[in-house]
Engineer: 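I have a structure I would like to understand better, so I am pasting it below and will then ask my questions one at a time.
Sequence lines set the chain letters: A, B, ... in the order given, protein chains first and strands last, and positions in each chain run from 1.
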Protein chains: 2
Amino acid sequence: MLKTLGVGVRRVASLARNPSFAKVEASDLRVFESICGQNYVKTTDIESYKTDWTKAFKGDPACVLLPSCTEEVSAILAHCARRQIAVVPQAGNTGLVGGSVPLYDEVVLSIRRINKHFEFDDVSGIMTCDAGIILEELDNRISPYGYMMPYDLGAKGSCMIGGNVATNAGGIRLLRYGSLHAHLMGLTAVLPTEEGTIVELGSAHRKDNTSLHTPHLFLGSEGQLGVVTRVVMSTAPRPASVQSAMLGVDTFESCCKVLRLAKRHLSEILSSFEFLDRETMIVLDEALGLKPVLQSNPRFTLLIETSGSNEAHDSEKMEKFLDDCISSGTASDGVQAKSIEESSAMWRLRESAPLAVAADGFVYKNDVSLPLKHFYRLTEEIRARCSSLAKRIVTYGHLGDGNSHLNITAKESSKELYDSLYPFLYEWVNVHGGSISAEHGIGQLKLPYATLGKSPKERDLVRRIKAVFDPKGIMNPYKSF
Amino acid sequence: MLKTLGVGVRRVASLARNPSFAKVEASDLRVFESICGQNYVKTTDIESYKTDWTKAFKGDPACVLLPSCTEEVSAILAHCARRQIAVVPQAGNTGLVGGSVPLYDEVVLSIRRINKHFEFDDVSGIMTCDAGIILEELDNRISPYGYMMPYDLGAKGSCMIGGNVATNAGGIRLLRYGSLHAHLMGLTAVLPTEEGTIVELGSAHRKDNTSLHTPHLFLGSEGQLGVVTRVVMSTAPRPASVQSAMLGVDTFESCCKVLRLAKRHLSEILSSFEFLDRETMIVLDEALGLKPVLQSNPRFTLLIETSGSNEAHDSEKMEKFLDDCISSGTASDGVQAKSIEESSAMWRLRESAPLAVAADGFVYKNDVSLPLKHFYRLTEEIRARCSSLAKRIVTYGHLGDGNSHLNITAKESSKELYDSLYPFLYEWVNVHGGSISAEHGIGQLKLPYATLGKSPKERDLVRRIKAVFDPKGIMNPYKSF
């Protein structure tokens, strides 16, 4: 059985431990110690490695391995493949779906010590670095050269670039900089073969058409294919000017019109287009005491950010955009941040939304992509269906990317509410052309629904690709797509 | 033997026709006719399908098939897989490496009639379309909504989106919009199995982490995996203002400094950073009568383009950038285009460079990526090595992407010059961390060198991935990576 841990009723598949996986024995630990050194094979004090960030998933790993380099990873995986020992690769362990912790006794292979190598070309903006370096640290290292990491996550202070590759979360500036597919150029990976095969895939070039573009297969692969130990990617020029504004809008249709206007007026500097409904504003106030920036209590609040190289230009563009929104009647209210403090107040509302719903009660979180015409219809459907069972139904998200975070709170975990929500919600998303996991991935949480909208032919193809990389099926087992 | 056709001495592998491929018989033609209709199975008047754009490669296809939809492609590939008939998929046939024509009697499957379906969401900018639609037509269709195709190639008037996916050429605005990896979201492909498997991979969402990101494997796959029949991708807001400027620079080191300054001053609006050396300017004048824009006869000429949403802002940024380049002494000369005519005159020089070298004599073309520190060293090495045998050695290219088009011209095709150039040039590129094919791909032209810099382990991985898609090895054979 997958773990439920009493923090939520989860409809999960009944998966028994796969008996074909070997149990780790004392002799295996000695082999691991000979590879990593005694201090880096842990069997005690490993709570943080066995439990996921949400505390909903907890495994019982036979040991935690902390190799320091690609070669040590290779020796570990070779041994595990020969012995048929299952392995869960782990980076910052900040995922939200239980993907980076074991179900049973799988060995945790942490990449956090693989963090020495760092190279940066300040003319091309191309970076080569070890996979265990923390995202924020990379951003800090390239900042003096006028560059920035082209994505930003709430977890940036602890997530690692190798984990970012494996999960491919989009973050808040995907609208501007694209996903990691836009930036990844090459990587070093260790495959779980009896040889511990080390492959260097791709290159350090923006343009290179000399083989299949295999590095991109690792994006969002959730540790199913191998262990990424080094990453080569492009970075973005760091903006000299960041502007923020909030708009109040009365209908969802008008929100889409504002997005059109933002693309026209802000075009190349538009970096975020975030969405909060009135219910989000209420829970921000009630749970955290955060007051809205807009005084008119609009049905929807939009947070728009620009990132550019010239403050006067960006500010003028933003003013014209806001003028057009208001004078055309598309928005009913609007405020342009005139200081860092005002901008921070706007972003605090958006960034605190997850904390506010968590403080409100037990939360059923969702992370779905939807065509814009259905984006808010899902919230309305769930409201019509579940209002009597839920405490609150609130939606915020990355409207510019079609990514909705619909949250349903309740006083406490409720099987009745869960059964009313799922699988209805996922099936509704699927029927309306959406994705049940926009950025969080599948992991353990969404495994029972991972087949929704996927044809048997696609799933078969994916399984056979996985088998090319992981012929023994030992990498992050039980969670295969 | 690969064809040489007398237009150039090509060092090619000796590949015999693979006897395991069936010869197409009258009964096969009848099956194809029953699938596509009699008019769309051609055995005569097929010159344009059997010869590649460069005229250097010519096959002798048993027939050319022109299916009109995914289902017809499926029926064709199912029959070919059952009969072990080899297939070369072909889109606009504008490639430069002989990748889209047969070596022997492989059937040509043209996607040009798969061009009906077109859907566009003008809020999200997401497009879904048949793979046989021409790039320029797609650009024209989305232009009225304020969007543009996020890449631009010289072949845009005849290349097709399905071929763009299969070849992944970068074009002249990759610096700003990224490669197709930044835009591709989903596709429909037919796999060459006995069932003619149709798979819909990916989705129509910017964010979707619910499976392996298989669509990206098709980018640059050169028809090795299957036939792409439909593409889902994001497009870019169409710029309202395009500015151009030319700078004269005395050293290559200063060219890199100008690139740094361009990233700082032009940042989000920088869309092209093109490079022409003095030898390119001379051949433009002598072969085509095109005079340089800069009067100072600089060692290197840089062409910089911006694409933005506000003409006044963009023009001001460009002026400041040019001022900084000149006042700091980084550039010795500079001109900002003040009209479309002036801008066209600048671009005419860059875009005519391939025609000028072609008019100059027999050309050995190259398309390599190099780390910037080695970018122009290659030209100098070749000049030192081959000047006595060559007529001219000229370099132009996409400096912002590290992509050099080094051209060596001669009065006529010369085995001595060829042997002096190759494999030396490719090996030099490989040793200096470059790619021997930045955007043109491998095809037939570079097949003998496709293993350079690729480890046996990587090649084995790629071969096994190919076998997952094409278990019988009938897709675009002889040209596998």
Side-chain angles (χ1 to χ4, degrees), chain A residues 123-124 146 167-168 170 174 178 181-182 197 199-201 203-214 216-217 219-221 237 256 259-260 263-264 267-269 308-310 313 317 369 372 401-403 433 435-442 450 454-455 457-458 461-462 464-465 468 481, chain B residues 123-124 146 167-168 170 174 178 181-182 197 199-201 203-214 216-217 219-221 237 256 259-260 263-264 267-269 308-310 313 317 369 372 401-403 433 435-442 450 454-455 457-458 461-462 464-465 468 481:
Chain A
V123 180
S124 67
T167 51
N168 195 40
L174 185 133
H181 282 293
T197 309
V199 279
E200 294 185 16
L201 304 174
S203 66
H205 302 292
R206 285 192 165 78
K207 292 178 168 178
D208 182 3
N209 281 319
T210 51
S211 187
L212 290 184
H213 293 207
T214 44
H216 292 267
L217 263 186
L219 288 172
S221 63
C256 291
L259 178 55
R260 280 298 276 120
K263 288 192 181 182
R264 187 192 309 158
S267 192
E268 67 275 8
I269 58 170
S309 58
N310 184 307
H313 292 173
K317 287 187 179 95
S369 279
L372 290 179
D401 309 321
N403 181 187
S435 161
I436 65 160
S437 198
E439 45 182 355
H440 298 170
I442 296 296
K454 307 291 179 194
S455 70
K457 288 178 289 189
E458 176 179 359
L461 190 69
V462 166
R464 287 188 293 128
I465 293 171
V468 167
F481 299 120
Chain B
V123 180
S124 67
T167 51
N168 194 40
L174 184 133
H181 282 291
T197 309
V199 279
E200 294 185 16
L201 304 174
S203 67
H205 302 291
R206 286 192 165 78
K207 291 178 169 179
D208 182 3
N209 280 320
T210 52
S211 187
L212 290 183
H213 293 207
T214 44
H216 292 266
L217 263 187
L219 288 172
S221 64
C256 291
L259 178 54
R260 280 299 276 121
K263 288 192 180 182
R264 186 190 311 159
S267 189
E268 67 274 8
I269 59 170
S309 58
N310 184 308
H313 292 172
K317 286 188 180 94
S369 278
L372 290 179
D401 308 321
N403 180 189
S435 161
I436 66 161
S437 199
E439 47 183 354
H440 298 171
I442 297 295
K454 307 290 180 195
S455 70
K457 288 179 289 189
E458 175 178 359
L461 190 69
V462 165
R464 288 187 294 128
I465 293 171
V468 167
F481 299 120

Engineer: Is a donor on one side and an acceptor on the other found under 3.5 Å between the side chain of A:Ser369 and the backbone of B:Lys207?
Structural biologist: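 Answer holds: yes.
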Engineer: Which region of B:Ser203, side chain (C-beta onward) or backbone (N, CA, C, O), has a non-hydrogen atom less than 4.5 Å from a non-hydrogen atom of chain A, or is it both or neither?
Structural biologist: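 B:Ser203 has no heavy atom closer than 4.5 Å to chain A.
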Engineer: For A:Val123 and B:Cys256, which heavy atoms make the closest approach, and how far apart are they?
Structural biologist: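 Nearest heavy atoms, A:Val123 then B:Cys256: CG1-O, 3.8 Å.
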Engineer: Could you go through A:Thr197 and B:Leu461, starting from their C-alpha distance and side-chain angles, then the distance that decides it, and tell me whether this counts as side chain to side chain contact (heavy atoms under 4.5 Å, CB included)?
Structural biologist: CA-CA 10 Å; A:Thr197 309; B:Leu461 190 69; over 6 Å; no
Engineer: Is the number of heavy atoms from other residues, nucleotides or ligands within 6.0 Å of CZ (B:Arg264) greater than 12?
Structural biologist: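 12 or below, so no.
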Engineer: As an exercise, state the distance from OG of A:Ser309 to CD1 of B:Ile269, rounded to the nearest 0.5 Å.
Structural biologist: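 With rounding to 0.5 Å, OG (A:Ser309) is 6.5 Å from CD1 (B:Ile269).
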Engineer: Check whether B:Val468 gets within reach of chain A through its side chain, its backbone, both or neither, counting any heavy atom under 4.5 Å.
Structural biologist: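 Looking at B:Val468, backbone and side chain both touch chain A.
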Engineer: In terms of heavy-atom proximity below 4.5 Å to chain B, should A:Ser455 be classed as side chain, backbone, both, or neither?
Structural biologist: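 No part of it gets close to chain B.
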Engineer: Using 0.5 Å steps for rounding, measure from the NZ atom of B:Lys454 to the OG atom of A:Ser211.
Structural biologist: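 Here the rounded value is 5.0 Å.
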Engineer: Quick one: what part of A:Asn403 sits under 4.5 Å from any heavy atom of chain B, side chain, backbone, both or neither?
Structural biologist: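 Interface part for A:Asn403: side chain.
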Engineer: With a 4.5 angstrom heavy-atom cut-off, could you sort out which part of B:Leu259 is near chain A: side chain, backbone, both or neither?
Structural biologist: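 It is the side chain, since no backbone atom gets that close.
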Engineer: Using non-hydrogen atoms only, which part of B:Leu174 is less than 4.5 Å away from chain A: side chain, backbone, both, or neither?
Structural biologist: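 For B:Leu174, side-chain heavy atoms alone lie under 4.5 Å from chain A.
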Engineer: Against chain A, label B:His313 side chain, backbone, both or neither, depending on which of its atoms sit under 4.5 Å from a heavy atom there.
Structural biologist: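 Its backbone and side chain both get close to chain A.
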Engineer: Identify the two heavy atoms, one from B:Glu200 and one from A:Glu458, that lie closest to each other, and give their separation to 0.1 Å.
Structural biologist: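 In this case the closest contact between B:Glu200 and A:Glu458 is O-OE1, 3.3 Å.
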Engineer: Which one wins on heavy-atom pair count under 4.5 Å against chain A: B:Val199, B:Ile465, B:Thr210, B:Asp401?
Structural biologist: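 Max contact count across the listed options: B:Thr210.
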Engineer: Within the distance-only criterion (no hydrogens, no angle test), does the side chain of A:Asn168 pair as donor or acceptor with the backbone N or O of B:Asn209 below 3.5 angstrom?
Structural biologist: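 Such a contact is absent between A:Asn168 side chain and B:Asn209 backbone.
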Engineer: Hey, could you give me the CZ/CD distance between B:Arg206 and A:Glu439, rounded to the nearest 0.5 Å?
Structural biologist: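 Answer for the CZ-CD pair, B:Arg206 versus A:Glu439, is 14.0 Å.
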Engineer: So how far is it from B:Leu219 CG to A:Leu212 CG, rounded to the nearest 0.5 Å?
Structural biologist: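 That separation rounds to 10.5 Å.
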Engineer: Among B:Gly178, B:Ala204, B:Ala182, single out the residue with the greatest number of heavy-atom pairs under 4.5 Å to chain A.
Structural biologist: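 The answer is B:Ala182.
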Engineer: May I ask you to name which of B:Lys317, B:Lys457, B:Arg260 has the most heavy-atom pairs under 4.5 Å with chain A?
Structural biologist: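 Result: the option with the highest number of such pairs is B:Arg260.
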